[in-house]
A.B. asks: 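Pasting in a structure now, in structure tokens, and then I'll have a few things to ask.
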Amino acid sequence: MHISNTDELNKTFGLGGKIRFITENKLIKFIATSKASVLEGYLQGAHITSFIPKDSSDVLWLSPIAKFEHGKAIRGGIPICWPWFGKHPVDTSFPQHGFARNSLFEVAQTAELNNGDLQIILSMQESEASLKLWPYKFKLNLIITFGASLSIELKTENTDSQTFTISEAIHSYFAIKDISTTQLQGLENTPYYDQLLESDTRQANSATKFDQEVDRIYRAPVNELFILREGLAKTRIQQVHGNTVVVWNPWLEKAKSMGDFPDNGFSQMLCIEAANTRYGSIILAPGEHHSITQIITPRRLAELGPV
Ligand code: BG6
């Protein structure tokens, strides 16, 4: 059921005011308050832009100069890369990271779970525009479940009569206090493809540190990662059914080249993406489905501010 009127959305999916749909920046935004957190996002791209656990600060980084325009991806938060990750495998004139992040989703369902968590299911399917870029019928659901933790499940269903192949990422931008004192634990000894050097290499047997641009596809199917600040674990990141983890920070020069990214913004963000990249694309026959999930669990250390 496609509803584009905020009054109707509030009546049908608002759960008595726990989820509010408003128009902001000319886009439909939702603000959802669970017992343990507040989550914000937009129907365009099924794009989560903020996740604030109670008495804490935002776990996600949203660019202060993000552009909010119909058909454009928002910089920061959690964009969805689908049905391809990165450049289109054949035609590089096609949109980077696929078209889901630029497309309008609809609200399929909302619910309050027994434990007080809220769930919002956003969905999209093929359209005239999508068929021009990718000639298949599909159903894509983003199942967002949040309370003290945030779980994001991206579920693809093949509703076509042909088999199709996808790559994908849940492209989360984490807010951090200072990239120079941040480390990522959990990828020790993991092989990765360095997208900057265009070569394969391997992480040393130590946590990942950051002192320059990083764009890496780690081949790690089972993950429990921790963002560390000054050696202390601040956020746990898990993924289910993703064969790779992408770690990205543009650093200063690339930040300067992006119109929606402040020059020094790189020092306060780190992308850690649950992904299925070309190293293990997902092949779905008609009627089959597949889900990738990222689960973000913040530590409640309100007094310390951003992780
Ligand atoms: C990362 C890629 O996932 O996304 C990088 O590995 C890319 O190569 C980054 O630069 C941001 O992409 P975009 O299209 O949002 O600027």
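In this text, all values refer to a predicted model and were calculated from it rather than measured experimentally. Read the numbers this way: they start at 1 and go in the same order the structure lists the ligands and their atoms.
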A.B. asks: Tell me if the centroids of the rings in Trp61 and Phe261 come within less than 6.0 Å of each other.
C.D. replies: yes
A.B. asks: Parallel under 30°, tilted from 30 to 60°, perpendicular over 60°: which one fits the rings of Tyr218 and Tyr192?
C.D. replies: tilted
A.B. asks: Near Glu273, which atoms of ligand 1 are under 4.0 Å from a heavy atom of that residue?
C.D. replies: 1 (C), 3 (O)
A.B. asks: Return the closest protein heavy atom for atom 14 (O) of ligand 1 as residue, atom name and distance.
C.D. replies: Arg101 NH2, 2.9 Å
A.B. asks: With heavy atoms only and a cut-off of under 4.0 Å, state how Lys254 meets ligand 1: side chain, backbone, both or neither.
C.D. replies: neither
A.B. asks: With a cutoff of 4.0 Å, is Arg216 in contact with ligand 1, counting heavy atoms of the residue only?
C.D. replies: no
A.B. asks: When you look at Glu168 and Asn276, which way does the side chain to side chain donor-acceptor pair (under 3.5 Å) test go after all the steps?
C.D. replies: CA-CA 5 Å; Glu168 59 188 350; Asn276 284 303; 2.9 Å; yes
A.B. asks: In the protein, which heavy atom is nearest to atom 6 (O) of ligand 1, and how far is it?
C.D. replies: Asp215 OD1, 2.6 Å
A.B. asks: Atoms of ligand 1 less than 4.0 Å from Phe85 heavy atoms?
C.D. replies: 3 (O), 6 (O)
A.B. asks: Which residue holds the protein heavy atom closest to atom 4 (O) of ligand 1, what is that atom called, and what is the gap in Å?
C.D. replies: His171 NE2, 2.9 Å
A.B. asks: Sequence neighbours excluded, which residues qualify as side chain to side chain donor-acceptor pair (under 3.5 Å) partners of Tyr42?
C.D. replies: Asn25
A.B. asks: Strictly by modelled atom types, are Gln203 and Thr190 linked by a side-chain donor-acceptor pair under 3.5 Å?
C.D. replies: no
A.B. asks: Considering only protein heavy atoms, which is closest to atom 7 (C) of ligand 1, and at what distance to one decimal place?
C.D. replies: Gln96 NE2, 3.8 Å
A.B. asks: Extract all donor-acceptor atom pairs below 3.5 Å that involve side chains of residues 73-86 and protein atoms in other chains or at least two apart in sequence.
C.D. replies:
unit_1 : atom_1 : unit_2 : atom_2 : d
Arg75  : NE     : Asp260 : OD1    : 3.1
Arg75  : NE     : Asp260 : OD2    : 3.4
Arg75  : NH1    : Tyr173 : OH     : 2.9
Trp82  : NE1    : Thr156 : OG1    : 3.0
Trp84  : NE1    : Pro95  : O      : 2.9

A.B. asks: Are Lys137 and Glu126 close enough, and set up right, to give a salt bridge (charged side-chain N to carboxylate O under 4.0 Å, His left out), and what steps lead you there?
C.D. replies: CA-CA 5 Å; Lys137 294 183 182 169; Glu126 74 285 349; 5.4 Å; no
A.B. asks: May I ask you to list the atoms of ligand 1 that are less than 4.0 angstrom from any heavy atom of Val246?
C.D. replies: 3 (O), 6 (O)
A.B. asks: Go through ligand 1 atom by atom and flag the ones less than 4.0 Å from a non-hydrogen atom of Gln195.
C.D. replies: 6 (O), 8 (O)
